[in-house]
Amino acid sequence: MTITFDEKKKYFHLKNESVSYVIALEEEKYVSHQYWGKRLNSFSQVADYPRQDNAFAPNPFEVPGRIFSLATLPQEFPGNGSGDFRESAFECLYPDQTTVSLLTYKSHDIVIGKQPLQGLPQTYETKEEPAETLLLTLEDTVTKVEVVLSYTLFKDYPVLTRSASFRNNGAEAIHLNKALSMSIDFPDADFDMIQLPGAWGRERQIVRTPLVRGIHTLDSKRGTTSHAYQPFVALADKTATEDQGAVYGFHFVYSGEFRANVEVDTYAQTRVQMGINPTHFQWHLPVGEAFQTPEVVLVYSENGLNGLSQTLHPFYQKHLIRGQHQFAERPVLINNWEGTYFDFTADKIEAMADEASTLGIELFVLDDGWFGKRDDDYSSLGDWHVHTAKLPSGLKQLAENIKAKGMLFGLWFEPEMISEDSELYRAHPDWCIHTPSREKSLSRSQYVIDFSRKEVRDNILAQMMEVLDEVPVDYIKWDYNRNMTEIGTAAPGTLPGEVLHKYMLGLYEVMEALVTKYPHILFESCSGGGGRFDPGFLYYMPQTWTSDNTDAVARLEIQYGTSLVMPISSMGSHVSAIPNHQTHRMASMKMRGDVAMAGNLGYELDVTTLSEAEKQEMKEQISFYKEYRKLIQYGTFHRILSPFETQNEAAWIFVSPEQDEALYFYYRVLDRANLKKKKVLFKGLDPVKFYTVSGYEGAIGGDELMNRGLYLKDALQGDYQSVCLVLKEA
Ligand code: DGJ
């Protein structure tokens, strides 16, 4: 892994075992993008920017033949209003109300390691897998605004992380109207664009479209990342598949509003940008102060979409997720939400826990409704003390009773919310996100609490700590159930445009305090399911509730899409009752189990109402899962059949690092008459090894399983069927 600067030819070459990234200084000062892709041993075509006189393309200096223009130059961090007509990477508002900016090279530093990003979630290096960083300092020579672009390269990963830091070295305070984290220009536009849009109950659906002329924006203006788009976009070669071809992925390590732009310009070049959404953003930058953006993870895969995921999964597991649970096998849990909703008593919870513990479930999670006087979703958020009418012996007693049954105890919080009907709101009606001059919009009868204010987050933190210091809590589900509106604050000194980023910094501060003080607690984030399943949260919480939609069929798409960017060890997935509460479907227990165990298996139903046969099936599912969960959660995951393409089928496989063991799942949604037996193909096996396959005689070569495949033994009968095969090296 090396980052070098060629003094003579004025270019930087960042390269490791798998990728190269080349940046050149055109005319010794204009920072241009030259190459990103498969590792190159050397680079020689520097300053080969195709110079020509393009009509209407302005020249930043007088040059014979008018052949140099920022309108066509591929750039690394384009400015505003000075000859590049594409989207800029930033916008400064100067005291004279102008916004024109032009950055040129000032200096650089190549450093071992990675600079910490103060107060932000971030990827980190390890001793075994170190990193190296290029800090490229650019300057606007007129206004003296300085921007440091940071590029970190990690050993052994086709990954680069980028962020930017703005410093005001001018004579007067300025405002940042826009401060993206990265920008990159591809010389052509011959790509498909891949994104993960969604909605509540339909998170992260894979959408692939040919890239066409224009500016394509994926964003959030909802306060947090939200269900609507994942902060992710990829460009794939048109011929790229799950396993072959080049894919360039961008993933934002941030949980607030974001913008991802893909712009195909008039010359069919493509600009990709990512960062904090400028829509609600403005930052006051006094003289001498700096603003640090969050970072973007850039992944290059030469092995298609599976290659992209197989880079991101271990990279996030080893370089983003932290703490005691980083590599730990995740406990099988039961959550009472779909089993009882708000309607529970201590006796009911204990009866469920009794039954669950006999089935082999390891963690009981008490969901919404244990605090204040919360019997429905109209009250009590912000009052984090036990609902004594519902749990008269208190939470500590209940937790201890559950733990006495040999289970861990987990608890639900929604720390960032406040109900109108709460003691906290009555005492502090201005402690929510709002624009003081306007009416506030309620959503689920609640407001977002103003975490941009220290006294507010300190209050919530103190309330939570009081509970956690008294009750033996092993797990927390951290929920968030609305989008933000009328974004503003009652706190003096914060501009409306600063509220959201200060909120995010405040939220990260609270989460850091909690994970530091209670390192044994396993945190699972949630936002009405997977509305905030982003890399920023993974830094604090190693797993997320993937979706409120627990229907096995819907989950095929949701989990398939989520696996594109998120490690399997981060995906919470539960078996729930039938008819399913979201889709009313009646999938078999087998299929519900086979889908849910392709993640962190849990159950979310009233186990006390199940038949003996159902309980027996669950028991077997759980013990099978425990045997293979390490392979599932930390093995190599290969997507095989896409539910988005087949509409009726899905398949995936988990393979051990040594390729001596694998778990294959095939799912079929609807049956049809007169079908032939299904032949399935495998992936990720060692072609020269032989494997036994559960239910089959003898050993079969890995190459044969991957190329010729295997007929499923039994004809699948009826709708909602699944097959799970265990492969072991013979
Ligand atoms: C939304 C979550 O996604 C659900 O799992 C549940 O915790 C409810 N909130 C509780 O209000």
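Just follow the structure's listing: the first ligand is 1, and inside any ligand the first atom is 1. Keep in mind it's a predicted model, so treat the numbers as computed, not measured.
- Side chains of Tyr518 and Asp469: a donor on one and an acceptor on the other come within 3.5 Å.
- Each ring-ring contact (aromatic ring centres under 6.0 Å, His included) pair with one or both residues in residues 597-619, not counting sequence neighbours, would appear here, but there are none.
- Atom numbering of ligand 1 starts at 1 in the shown order; those under 4.0 Å from a heavy atom of Cys526 are 2 (C), 3 (O).
- Contacts between Glu414 and ligand 1 below 4.0 angstrom, taking non-hydrogen atoms only, are absent altogether.
- Only the side chain of Arg444 comes within 4.0 Å of ligand 1, judged by heavy-atom distances.
- With respect to Gln230, the side chain to side chain donor-acceptor pair (under 3.5 Å) criterion is satisfied by exactly one of Gln205, His251, Glu203: His251.
- Between the side chain of Glu470 and the main chain of Lys396, no donor-acceptor pair closer than 3.5 Å is present.
- Regarding atom 6 (C) of ligand 1, its nearest protein heavy-atom neighbour is Asp367 OD1, 3.4 Å.
- If you check the side chains of Thr224 and Ser255, you find no donor sitting under 3.5 Å from an acceptor.
- For the pairing with Phe413, the ring-ring contact (aromatic ring centres under 6.0 Å, His included) check across Tyr475, Tyr480, Trp384 returns one residue only, Trp384.
- Nearest to atom 5 (O) of ligand 1 by heavy atom, out of Arg374, Glu524, Lys477, is Lys477.
- With atom 2 (C) of ligand 1 as the reference point, the heavy atom nearest to it among Thr550, Asp479, Asn335 is part of Asp479.
- Listed by number with element, the atoms of ligand 1 under 4.0 angstrom from any heavy atom of Asn481 are 1 (C), 9 (N).
- Panel note: side chain Arg639, backbone Leu305; a donor-acceptor pair is recorded below 3.5 Å.
- The shortest contact between atom 3 (O) of ligand 1 and any protein heavy atom is with Asp548 OD1, 2.4 Å.
- Contacts with ligand 1 closer than 4.0 Å are made by no heavy atom of Asp377, backbone or side chain.
- Between Asp368 and ligand 1, at least one pair of N/O atoms sits closer than 3.5 Å.
- Listed by atom number, the atoms of ligand 1 under 4.0 Å from Gly528 heavy atoms are 1 (C), 3 (O).
- With a 6.0 Å radius and a threshold of 12 heavy atoms from other residues, nucleotides or ligands, Tyr378 has its OH atom at or below the threshold.
- Taking every heavy atom of Trp545 and a limit of under 4.0 angstrom, the matching atoms of ligand 1 come to 3 (O), 5 (O).
- In terms of polar-atom proximity, defined here as any N/O pair under 3.5 Å, Gly529 does make such a contact with ligand 1.
- With no hydrogens or angles considered, a side-chain donor-acceptor pair links Glu486 and Ser441 at under 3.5 Å.
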